[in-house]
Peer 1: 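Let me give you the structure first, and then I'll get to my questions.
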Amino acid sequence: MGWWLFKTEPDSYSIDDLARDGDSPWDGIRNYQARNRLRDEVRVGDRVLIHHSSCRTPAIAGIAEVIRAAEPDPSQFNPQASGYDPKSSPDSPRWFQVTLRHVRTLPAPVPLAVIRTETALQDMELVRRPRLSVQKVTAAEAKHIQLMAKSQH
DNA sequence: GCCAACGTTGGC
DNA sequence: GCCAACGTTGGC
């Protein structure tokens with residue numbers, strides 16, 4: 001089982017929305033490196049740290065599980081959708097989504113500002129390459145973050 | 001709202 | 001295929 005970190009803007013879709021929905025397609029990713037990882041490396045059963053960005057307190061807010069592997073993101077074919085891509089076609093889709101299930105909302109979100117001060121977490125892509133929307137996480141990093149959430153609580 | 005970092009586009 | 005111009009992201 002692998003670990004990932006997906007970013008989301010909570011104003012659009014938050015960990016609470018995922019908790020309410022139970023599961024949800026993770027669509028709207030429009031970056032080639034993130035796409036390649038979704039399509040080629042993310043597996044059913046992998047765990048995902050859900051990170052809230054572009055909000056008052058950017059933070060890791062919860063954990064999800066991948067329940068469906070990559071499949072074409074339907075919003076790319078919809079001219080009304082914000083993620084519409086006129087250069088993509090159902091015959092050769094350009095963008096993919098996976099489907100997540102809510103596992104747990106952390107007892108306290110772990111702020112990015114705190115993660116930045118944590119020696120054990122300096123190698124996280126969140127710290128080194130914060131813009132990438134699908135990030136690799138080690139099991140040790142995931143465990144560390146969960147312990148931080150528990151002790152903050 | 002600023003701005004640094006970084007991704008994408010397109011002329012050559 | 002280079003690279004300048006431009007657009008986007010996202011923390012602060």
Side-chain angles (χ1 to χ4, degrees), chain A residues 2-21 24-42 46-64 66 70-100 102 104-138 140-153:
Chain A
W3 279 93
W4 301 91
L5 180 149
F6 289 4
K7 293 192 306 178
T8 185
E9 301 188 5
D11 290 346
S12 309
Y13 198 83
S14 71
I15 190 72
D16 291 339
D17 294 321
L18 185 61
R20 177 199 64 215
D21 294 343
S24 174
W26 209 259
D27 59 4
I29 290 177
R30 298 292 183 272
N31 165 284
Y32 288 105
Q33 190 166 9
R35 187 277 311 267
N36 292 346
R37 288 177 170 184
L38 275 189
R39 187 188 55 191
D40 304 334
E41 298 183 56
V42 176
D46 285 354
R47 293 289 165 113
V48 181
L49 301 173
I50 302 298
H51 183 262
H52 287 168
S53 64
S54 288
C55 55
R56 182 179 293 173
T57 306
I60 294 174
I63 296 172
V66 179
E71 50 201 340
D73 174 348
S75 67
Q76 70 194 297
F77 308 125
N78 176 5
Q80 261 62 267
S82 61
Y84 175 59
D85 185 347
K87 294 180 187 161
S88 187
S89 72
D91 283 347
S92 73
R94 179 179 293 194
W95 306 113
F96 290 79
Q97 66 183 24
V98 299
T99 300
L100 298 186
H102 182 267
R104 168 163 70 252
T105 298
L106 292 180
V110 181
L112 176 56
V114 174
I115 290 169
R116 287 185 183 285
T117 66
E118 197 72 5
T119 309
L121 302 178
Q122 291 310 296
D123 286 338
M124 286 189 74
E125 286 189 325
L126 190 63
V127 174
R128 303 171 84 97
R129 295 193 54 200
R131 286 183 51 180
L132 191 57
S133 54
V134 173
Q135 305 182 359
K136 299 184 187 199
V137 176
T138 68
E141 288 162 350
K143 188 174 183 183
H144 195 101
I145 283 161
Q146 290 175 81
L147 287 172
M148 287 171 77
K150 223 188 261 180
S151 64
Q152 262 179 261
H153 180 52

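So you know, we letter chains A, B, ... as the sequences are listed, proteins then strands, and number each from 1. The analysis underlying the following values was restricted to heavy atoms, covering all of them including side chains, and did not include hydrogens, waters or symmetry mates.
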Peer 1: A/Asp17: which residues meet the side-chain contact (heavy atoms from CB on, under 4.5 Å) condition with it, sequence neighbours left out?
Peer 2: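 Per chain and number, A/Asp17 pairs via side-chain contact (heavy atoms from CB on, under 4.5 Å) with A/Tyr13, A/Ser14, A/Arg20.
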Peer 1: Using a 4.0 Å cut-off to any heavy atom of chain A, which nucleotides of DNA chain B are the first and last in contact, reading 5' to 3'?
Peer 2: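 Footprint of chain A along DNA chain B, 5' to 3': B/dA5 to B/dT8.
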Peer 1: Need one value for A/Arg30: base, sugar-phosphate or nothing, where a base atom within 4.0 Å counts as base even if backbone is also close, heavy atoms only.
Peer 2: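 No contact at all - A/Arg30 keeps every heavy atom at 4.0 Å or more from the nucleic acid.
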Peer 1: Return the set of residues passing side-chain contact (heavy atoms from CB on, under 4.5 Å) with A/Arg104 (not counting sequence neighbours), or none when no residue passes.
Peer 2: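 Once residues adjacent in sequence are excluded, the partners of A/Arg104 under the side-chain contact (heavy atoms from CB on, under 4.5 Å) criterion are A/Ile63, A/Gln146.
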Peer 1: For A/Arg116, give me all partners under side-chain contact (heavy atoms from CB on, under 4.5 Å), at least two apart in sequence or on another chain.
Peer 2: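 Applying side-chain contact (heavy atoms from CB on, under 4.5 Å) to A/Arg116 gives A/Leu112, A/Val127.
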Peer 1: Among all residues two or more places apart in sequence or in another chain, which pass the side-chain contact (heavy atoms from CB on, under 4.5 Å) test with A/Pro25?
Peer 2: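 A/Pro25 satisfies side-chain contact (heavy atoms from CB on, under 4.5 Å) with A/Gln97, A/Thr99 only.
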Peer 1: Below 3.5 Å, can you tabulate the donor-acceptor pairs from side chains in residues 47-59 of chain A to any protein atom, sequence neighbours excluded?
Peer 2:
unit_1  : atom_1 : unit_2  : atom_2 : d
A/His52 : NE2    : A/Ile15 : N      : 3.1

